[in-house]
Structures are given as structure tokens and as C-alpha cells.
Amino acid sequence: MSDVVIASGKGGTGKTTLSTNLATLLAEEDPVVLVDLDVEEPNSGLFINGTEIAREIKYKMIPRWESDACTLCGLCQQVCNFHSIIKLGKEIMVFPQLCHSCFACSELCPTNCLPMVPMRMGQTTHFKLGNLVFVESRLDIGQEQAVPLIAQTKECVKKKYSSIGFKIYDAPPGTSCPVIEAAKDADFIILVTEPTPFGLNDLRLAVETMRELSKPIGIVINRHGIGNDEVDAYCAVENIPVLARLPNDRRAAQLYSRGERIYTQLPEFKKELEKVALHIRSLSEGGRQ
Amino acid sequence: MKEIVVISGKGGTGKTSITASFSILGTKDLVAVDCDVDAADMHILLKPDLGESQDFYSGEVASIDQTKCIACDKCAKVCRFNAIDREGVRYSVNTLNCEGCGYCARVCPVGAITNISQKVGVWYMSNTRGGFSMVHAKLGIGADNSGKLVAHVKNQAKALARRQGKKYVLVDGSPGIGCPVVSSLSGANYVVLVTEPTVSGIHDLKRVYELVKNFKIHAGCIVNKADINPEITEQIIVYLRAEGIDLLARLPYEENFTKAMVAGQTIVEFDNGMLKKNLTDTWQRVCRIVDEQQGES
């Protein structure tokens, strides 16, 4: 069993390229689940043309004010650390976008006037393509919190696909709460970067974040050959393995632009991708022993 | 004073390189802000002196005083975030899981739990070689509340622009459609969308523009790397027309974006050809559109 999370500090470095190509390559031999956790801008599905097998609406719980027995004591406003419930004159107003679903206002209300009710935040769709199961979660526009949807998606995948050995998660970019939620239960993290000053700056932040989580990491350098050698130098100094160097190639950019698989058409790319696949297989075997 | 926000939905489209170029072109008229606090990169091109800095606190994390805890389990029962760890009778807080809602502290019968305010980052008010001020921030590792930090740096920049009598606040926005980008957009007078003609570029452009529409902000779009896929570039242009978004520029796929970055320069300092001319025209056009708008930020 191995849960591999593919992340990056900087956006647009090739997380989705690596996730989709790697998952399909692994699926040529073994069952694989690919999960798109970049719920704000899910892109993996543009590269995987599977058949839809299931779809679920995802909800988060928010309080709903029932005025009948309310004494307007204001305790709900006092206990909410997120300012998502306020007393305004003779009314209690709820701001669902700010609510973290902690249930404090609801359960501490002395007159039970704030029952928790589900509110739609997005949806999760499951697809199948040969050996590959692809799960995509998509946050509704206007929803501000990605974390609850990421958490629910992980839970759903864990339950539904426990028998599948390889799980690849395409994480959101950055270093803040959505990435932590996506990465905190991983067995191994792959950080994708590009060999440029922006790539290196954001890679450093991503490495610090994953070290904070005490996760083993490997680096994949995308668009290798553009920019400079400082990412390689940094990885050597920090003693982080570089798993592969995907070549900088205009043809790869063009294939990506059309939503096509790259490794099936660019042998140089495939050769590097196979190194990543090999590493993941070795992790998985290590885990079984 | 008007606020111009540059966003992209998708990462890696050239947003920061373009924003930094605009700031050099508009130097005497603006204050620049990096609101991509998760992965702030604009300082690499603008190399600000790290001027005035301040810590930013937001949100809380629970902490259990072992000497007071009676292991009654009430905190663990109410916590919805699986943030109370138990080892026999020793209770502690898993700070990664804790959302800082404070529910546990309210139900603890012996007052053993306190909420500690979290330092989520540092923000700076700096000067750049262009002679303009820049407000930027560094988010702490794994920190929550990046939306609040975004709102904070933006407010600081607006106040500074007013004090300095500048015409524009130029914002390098955050990616995605969640709380940081909502904070980036709120109060904006004009949005510049930077996209690329890829299946994901157009997909993310449409999603983030749905959000921009909720704010009723007028927008323009730069199609970067336009020649990588002429067919999708055409699809983007049709979409822009249908939505009433200004087509600001079509830029070619250019390794000078990367070369300028390696040289620690903006594109308009590094490149003297078409790219510089294109970006200069685009910036002047954005200024004209914004200047003609009614109302202040």
C-alpha cells in the first residue's frame, strides 16, 4: 500500500502532468486510484477520459436559526471564533462561508435554536478507465473553504477503495491549510518543481512544510534544461533525492495544451517517468515486507 | 486611487512576471502588493529592501495544561476535527488538526485548556529599485488564514497609496477560487486575468471568472503562450467576447520569461523587442480603462 501525494509550492510546475501520466503508466500493470484534491481548480479530469461510475454531492454542516424559542441571549455569537454568527437587533444571522462546522453554537445553545443542517459545498465524481479509478472533487464557485471537501474526499477514497494498492493524490498548490490537509496522511510526497528562481523559492517553502509534517519526500524537476542549475544544487545540499528530470520540450507543452498523455508520445519523457514509477513500486514493496 | 488585481486561476501562466513588469512600467504612479502569500515570488524580480516588518497574528490553537487536566474526555467528545490526542490519561492537542474553534476550552470543567493566538506570517513594507513601494508577506509554514493575511497586506497597501498620493494599487493575486483569492478580489476596480491556451488554462479561467462576476468587477484578459495552441486561443477569444471581457494582449510562448527571471529582472527590463512593446501597450491600455471608470476604491 502506498499513498503518494504530488504537491508543489508554486502552481503550474506540472503537478497534474505528473499525476495523470504517472497514474496511467502505473495502471498499465496494476490497479491505481488517482484522486484530484485540487478542488478549487481540478484539472486532472481534463487528461483522463474515463467512464463515470458514481457521483455524490458533498455537504458541510452549518447552523440554521429557528427563532421560535430563541431568547436572544447572544451565547452563539460569543462562542463562535470565526465571526460566522452574529446577533443583530432581534435576529441571529449566520454567515455560512465563514463557518468551520465546529458545532459549538448549536450544541451550546440553551434553547436548541440552532440545529445543524447540511449545505452543499461541491461534488465528487468517480470515473473508471481500465485499471485506473479516477476520483475528482470540485468545490462550488463561491465556496471559500477547500479543507472540508478535501477531508471528505480522502475519507471517501479510503473507505471505497481500500483494496487498491496504489493511490496517487494531486494536491492543491501552495503551503497553507489545503495542502496540509491533502498531505498529512501521505506515505510519500513528490514535490514537482521547475529549475527557475520562482521554482526554487517555492520548492524551499514546500520542503519546509513537508519536513514539518515529517514526511519522506522526493523531487521531480519538470522542464529540465530551462532556467539554471540551482534546484539541482539545492537538492544535493539538502540531501533530497531527485527522482526524475522531465525534459523541457515544446512538444510536451503542446501535448499538454490539448489534454493528451505525454509519455506515450515522447520517449525521453517516458524514460524519466519510469524512474518515478519504479521508485513508487519499490516503496510499496518495502511497505509489504 | 484605483485597485488593479492580476489573477490567473491556474498557476504558471506568467501572472507574476507580467505583474512585476507592469509595476516597473507604472513605477511613479503605484504601490505594488504581492497577495500570493502562499508562494510569494514577486520579490525575486523586484528585489525590495526589506523595510518595515511586522508579525501577523490570526486564529488560535488550543493548548492543554497537563497539571490541571483531569482526563474527563469532554474535550475529545466535542472536537469535530480529531484534534485531541489521547495516550492513556494524557490528553494533548494535535496542532495540525486543530481549527482553533475554542469549543474544547469552553466545555473543559477545570479550565485546563487555553487558546493561543497564532503567528501566521510576517508582512513587509519595502522600497524597490523602481522607486515605488511594495507591500508583501511571508506566510508561516502550513498556516491557516492566508485570506486574512491577504486582506491585511492589501489594506496596508491602499493606505500607503493614499498617503503617497498614488493613482493605483497593483495586486499580484492568489491562485484558485477560495478564501485568498476572494480577499484579493474584494474591493478591486479592475481585474486582469492571465491565461494560457491549454485545456486546463481555459477551464480555470472560466471558473475564476465566475467568481469575478459575483463581485461585478470589469475584467480584461492576457492570453500568454498564445501560439502553443492556436485553436484553444481562438476558443478563449470567443469566450471573452461572449462575456464582455477585454482582450488585452496575445503574447507568444517565450523563454525570455524564464531568462529574465534567472537574471533577476522583469521582462520589460530584460527584453527590448516585441515582448516589451506588447507589455507596455497593454499596461497603458489597462491604465486608460481604469482611469475612465467612475468611483474610487
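This one's a predicted model, so the numbers in the text were calculated from it and none came from an experiment.
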### Query
Side chains of B/Ser200 and A/Tyr256: does their closest heavy-atom pair fall under 4.5 Å?
yes
Would one find more than 12 heavy atoms of other residues, nucleotides or ligands at under 6.0 Å from atom NZ of A/Lys158?
no
Given B/Gly100, B/Pro175, B/Cys79, the one with more heavy-atom pairs under 4.5 angstrom with chain A than any other is B/Gly100
query: Under 6.0 Å from the NZ atom of A/Lys215, do we count more than 12 heavy atoms belonging to anything else shown?
result: yes
Verify the neighbour count for atom CG of B/Asn82: are there more than 12 heavy atoms of other residues, nucleotides or ligands below 6.0 Å? no
Correct closest heavy-atom pair for B/Ile177 and A/Ile141 would be CD1-CA, 4.2 Å
Bottom line for A/Gln78: the part with an atom under 4.5 Å from chain B's heavy atoms is backbone
Okay, A/Thr16 and chain B: the region with an atom under 4.5 Å from a heavy atom over there is neither
Rounded to the nearest 0.5 Å, the CD atom of A/Gln254 sits from the OG1 atom of B/Thr198 at a distance of 12.5 Å
Assert top hit (heavy-atom pairs under 4.5 Å, partner chain B, pool A/Ile226, A/Asn248, A/Thr196) equals A/Ile226
Practice prompt. Report yes if some heavy atom in the side chain of A/Phe47 is under 4.5 Å from a heavy atom in the side chain of B/Val199; otherwise report no.
Written response: yes
If one checks every heavy atom of B/Lys225 against chain A at 4.5 Å, the contacting part turns out to be neither
Turns out that what part of B/Val182 lies under 4.5 Å from chain A's heavy atoms comes down to side chain
Looking only at B/Asn229, B/Thr16, B/Asp36, B/Val37, the option with the highest number of non-hydrogen pairs under 4.5 Å against chain A is B/Asn229
Okay, A/Val147 and chain B: the region with an atom under 4.5 Å from a heavy atom over there is side chain
Interface check, chain B: of A/Ala253, A/Gly174, A/Cys102, A/Ser101, most non-hydrogen pairs under 4.5 Å belong to A/Cys102
When the 4.5 angstrom heavy-atom criterion is applied to A/Phe82 and chain B, the contacting part is side chain
key: A/Pro173 and B/Asp38, any side-chain heavy atoms less than 4.5 Å apart   = no
Quick check against the 3.5 Å criterion: does A/Asn81 have a side-chain atom that pairs as donor or acceptor with the backbone of B/Gly59? no
Value for CG (B/Asp204) from CG (A/Asn43), rounded to nearest 0.5 Å, stands at 4.0 Å
Under 4.5 Å to a heavy atom of chain A? For B/Glu231 that would be neither
Under 4.5 Å to a heavy atom of chain A? For B/Val107 that would be side chain
In terms of heavy-atom contacts, B/Ala39 and A/Gly9 come closest through CB-O, 3.9 Å
Residue from A/Arg250, A/Gln143, A/Arg258, A/Lys184 scoring the most non-hydrogen pairs under 4.5 Å with chain B is A/Arg250
Honestly, the part of A/Asp38 sitting under 4.5 Å from a heavy atom of chain B is neither
| Can you check whether A/Phe198 reaches B/Ile44 side chain to side chain, under 4.5 Å on heavy atoms? | yes
Of the listed B/Asn214, B/Ile202, B/Asn97, the one with the largest count of heavy-atom pairs under 4.5 Å with chain A is B/Asn97
### Query
Under 4.0 Å between a Lys/Arg side-chain N and an Asp/Glu carboxylate O for B/Arg106 and A/Glu107?
no
Ranked by heavy-atom pairs below 4.5 Å to chain B, first place among A/Glu230, A/Glu144, A/Gln97, A/Glu208 goes to A/Glu144
Highest number of heavy-atom pairs under 4.5 Å with chain A among B/Lys259, B/Glu255, B/His203 belongs to B/His203
Whatever's closer than 4.5 Å to a heavy atom in chain A on B/Leu211 counts as both
Inspect the surroundings of CZ in B/Arg250 and state if more than 12 heavy atoms from other residues, nucleotides or ligands are less than 6.0 Å away. no
Next on the checklist: Taking the side chain as everything from C-beta on, heavy atoms only, tell me whether B/Cys101 gets closer than 4.5 Å to A/His100.
Outcome noted: no
- Are B/Lys10 and A/Glu41 close enough for a salt bridge, meaning some N to O gap below 4.0 Å? no
Interatomic distance, OH@B/Tyr103 vs CG@A/Leu108, rounded to 0.5 Å, equals 4.5 Å
B/Pro197 and A/Ser257 have their tightest heavy-atom pair at O-CB, 3.5 Å
Side chains of B/Arg207 and A/Pro42: does their closest heavy-atom pair fall under 4.5 Å? yes
When the 4.5 angstrom heavy-atom criterion is applied to B/Ala105 and chain A, the contacting part is neither
So, the part of B/Asp227 with a heavy atom under 4.5 Å from chain A: the answer is both
Highest number of heavy-atom pairs under 4.5 Å with chain B among A/Asn228, A/Leu205, A/Leu139, A/Val179 belongs to A/Leu139
Between A/Ser176 and B/Leu139, the two heavy atoms sitting closest are CB-CD2, 3.6 Å
